[in-house]
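Taking it in order: structure first as structure tokens, then the write-up.
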Amino acid sequence: MRTVRTVADLRRTLDAWRAEGDAIALAPTMGALHGGHLALVSLARGRADRVVASLFVNPRQFGPSEDFARYPRDEARDAALFRDAGADLLYAPDAEAMYPDGFATTVSLAGPALGLEADRRPGFFEGVATAVVKLLTRTGADEAVFGEKDYQQLVVVRRLVSDLDLKTRIVACPTVREADGLALSSRNAYLDAAERVRAPALHATLRATAAALRDGAPAGEALRGGRNVLEDAFDRLDYLELRDAATLAPMDGLDRTGRLLAAVRLGATRLIDNVAVDLEG
Ligand code: AMP
């Protein structure tokens, strides 16, 4: 597996593969790899002839008080893990290669990019979308894999690709979890031992709330119960919401396939998670 950093090197390699008729799948990441990222690469590996992994800690998706400076970075470790997972190429541009002097264009979003994460992280999805458009157009990948762990991001990216007529198919990768249910996340590294013990309550509460909804509990009641549990278990509840799984439109009851999404604060760390809520269980 080679590492390339410039658009010219990226295009040269991918054009040669395309000339051989190879289908290309992209797995975009910010590094600090864990099993969730490697699941994206495995899924891509099973769907395309060539797998490109990207590693870019995108400054535009971090707010001024967020953890851009201390975000864990270890490219040598990440490269070895990508290679072992079956990636053919690592695209690791530096910030100047993504946003050269004079860069002045941002993707502006509405619809699924409003509310939930956007309420706590202004500008986050615009930063994600700007980088994603560039990664998709630079690679021209046939498919790109995104994790359900960041469910709102997945829906925003699907909308973006459809609205801007990008040709890449977006593929969803199910969330990879620890044995106790905690979704793998690069930010779990910030949790101390006591916080790590408390963290699985997020997924447990999402599951319990989903079960209550499936059993016919009124949505307002099920959500109130779930919010109470999360408020007790964590240091702050940002949201627990039932949304339409495809559009993220609010839902008053379980009349179609939904998604329960939640975000909490645990010490200095923000945790997000989500689960499906299907009518038929
Ligand atoms: P990040 O490096 O955190 O930006 O994540 C890169 C990609 O990996 C995104 O599409 C995430 O949704 C996905 N991802 C992160 N954690 C997980 C997980 N636990 N399971 C599945 N995908 C994940």
Side-chain angles (χ1 to χ4, degrees), residues 25-47 51-63 66-68 70-75 77-79 81-82 85 87 90-93 95 98 112-113 116-117 121 124-136 139 141 143-161 168-191 196 199-200 202-203 206 248 259 261-263 269-276:
L26 172 70
T29 80
M30 299 205 301
L33 298 188
H34 52 63
H37 298 112
L38 301 179
L40 302 186
V41 176
S42 301
L43 186 58
R45 181 72 282 163
R47 300 179 58 95
V51 175
V52 180
S54 68
L55 192 178
F56 180 59
V57 185
N58 176 26
R60 290 180 169 249
Q61 69 187 70
F62 288 79
E66 291 186 357
D67 53 347
F68 178 69
R70 68 180 183 121
Y71 198 81
R73 291 170 173 86
D74 186 346
E75 185 181 317
R77 172 184 176 273
D78 290 343
L81 289 168
F82 276 137
L90 173 58
Y91 177 47
M98 283 292 271
L116 304 172
E117 285 302 288
R121 308 184 73 187
F124 169 72
F125 286 118
E126 284 72 15
V128 168
T130 304
V132 167
V133 168
K134 289 174 70 76
L135 290 172
L136 298 187
T139 58
E143 297 194 336
V145 187
F146 287 83
E148 289 185 346
K149 158 73 172 37
D150 300 283
Y151 195 83
Q152 188 178 9
Q153 171 174 282
L154 171 66
V155 175
V156 167
V157 168
R158 284 194 194 284
R159 183 81 246 171
L160 169 82
V161 162
T168 307
R169 269 187 310 277
I170 302 303
V171 176
C173 179
T175 302
V176 179
R177 301 180 180 281
E178 303 282 5
D180 60 13
L182 176 65
L184 300 191
S185 163
S186 306
R187 292 189 168 103
N188 291 350
Y190 300 151
L191 300 174
R196 178 62 189 81
L202 178 57
H203 182 237
L206 283 165
L248 294 183
R259 202 88 190 176
L261 303 101
T269 309
R270 226 171 141 262
L271 302 178
I272 65 170
D273 203 350
N274 65 88
V275 297

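Order of listing sets the numbers, starting from 1, for every ligand and every atom in it. Quick note: numbers below take in every heavy atom, side chains included, and nothing from hydrogens, waters or symmetry partners.
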Subject >> Minimum non-hydrogen distance to atom 12 (O) of ligand 1, winning option of D78, D150, N58 >> reply: D150
**OP:** Using distance alone, decide if ligand 1 has a nitrogen or oxygen within less than 3.5 Å of any nitrogen or oxygen in L40.
**Re:** no
Original post:
Are D74 and L33 close enough that some pair of their side-chain heavy atoms sits under 4.5 Å apart?
Top reply: no
Subject >> Listed partners of E178 passing side-chain contact (heavy atoms from CB on, under 4.5 Å), at least two apart >> reply: D180, L182, L184, R196
Subject >> Exercise: identify the closest heavy-atom pair between A53 and A87 >> reply: CB-CB, 4.2 Å
Subject >> ligand 1 N/O within reach of A183 N/O, cut-off under 3.5 Å >> reply: no
**OP:** Answer yes or no for H34: is there a heavy-atom contact with ligand 1 below 4.0 Å?
**Re:** yes
Subject >> Which of the ligand 1 atoms, numbered from 1, are nearer than 4.0 Å to a heavy atom of F146 >> reply: 10 (O)
Original post:
Mind checking what makes ring-ring contact (aromatic ring centres under 6.0 Å, His included) contact with H34, not counting sequence neighbours?
Top reply: H37
**OP:** Report the part of L154 in contact with ligand 1, treating N, CA, C, O as backbone and CB onward as side chain, heavy atoms under 4.0 Å; options are side chain, backbone, both, neither.
**Re:** neither
Subject >> For the student: nearest non-hydrogen atoms of N274 and K149, plus distance >> reply: ND2-O, 3.2 Å
Original post:
Contact between P28 and ligand 1, counting heavy atoms under 4.0 Å?
Top reply: yes
Subject >> ligand 1 atoms in contact with L184 (distance to a heavy atom under 4.0 Å) >> reply: 16 (N), 17 (C), 18 (C), 19 (N)
Subject >> Closest approach of S54 to F82 (non-hydrogen atoms, all atoms of both residues) >> reply: O-CZ, 4.2 Å
**OP:** Give the numbers and elements of all ligand 1 atoms closer than 4.0 Å to a heavy atom of H37.
**Re:** 1 (P), 2 (O), 3 (O), 5 (O), 6 (C), 8 (O)
Original post:
Within the side chain of T168, is there an N or O that forms a donor-acceptor pair under 3.5 Å with the backbone of A144?
Top reply: no
Original post:
Which protein non-hydrogen atom lies closest to atom 10 (O) of ligand 1, naming both residue and atom, and how far is it?
Top reply: G147 N, 2.9 Å
Original post:
So does E117 pair up with R270, basic N to acidic O under 4.0 Å?
Top reply: yes
Original post:
For ligand 1, which atoms have a heavy atom of K149 less than 4.0 angstrom away?
Top reply: 16 (N), 17 (C), 18 (C), 23 (C)
Subject >> Subset of ligand 1 atoms that lie under 4.0 Å from at least one heavy atom of P174 >> reply: 20 (N), 21 (C)
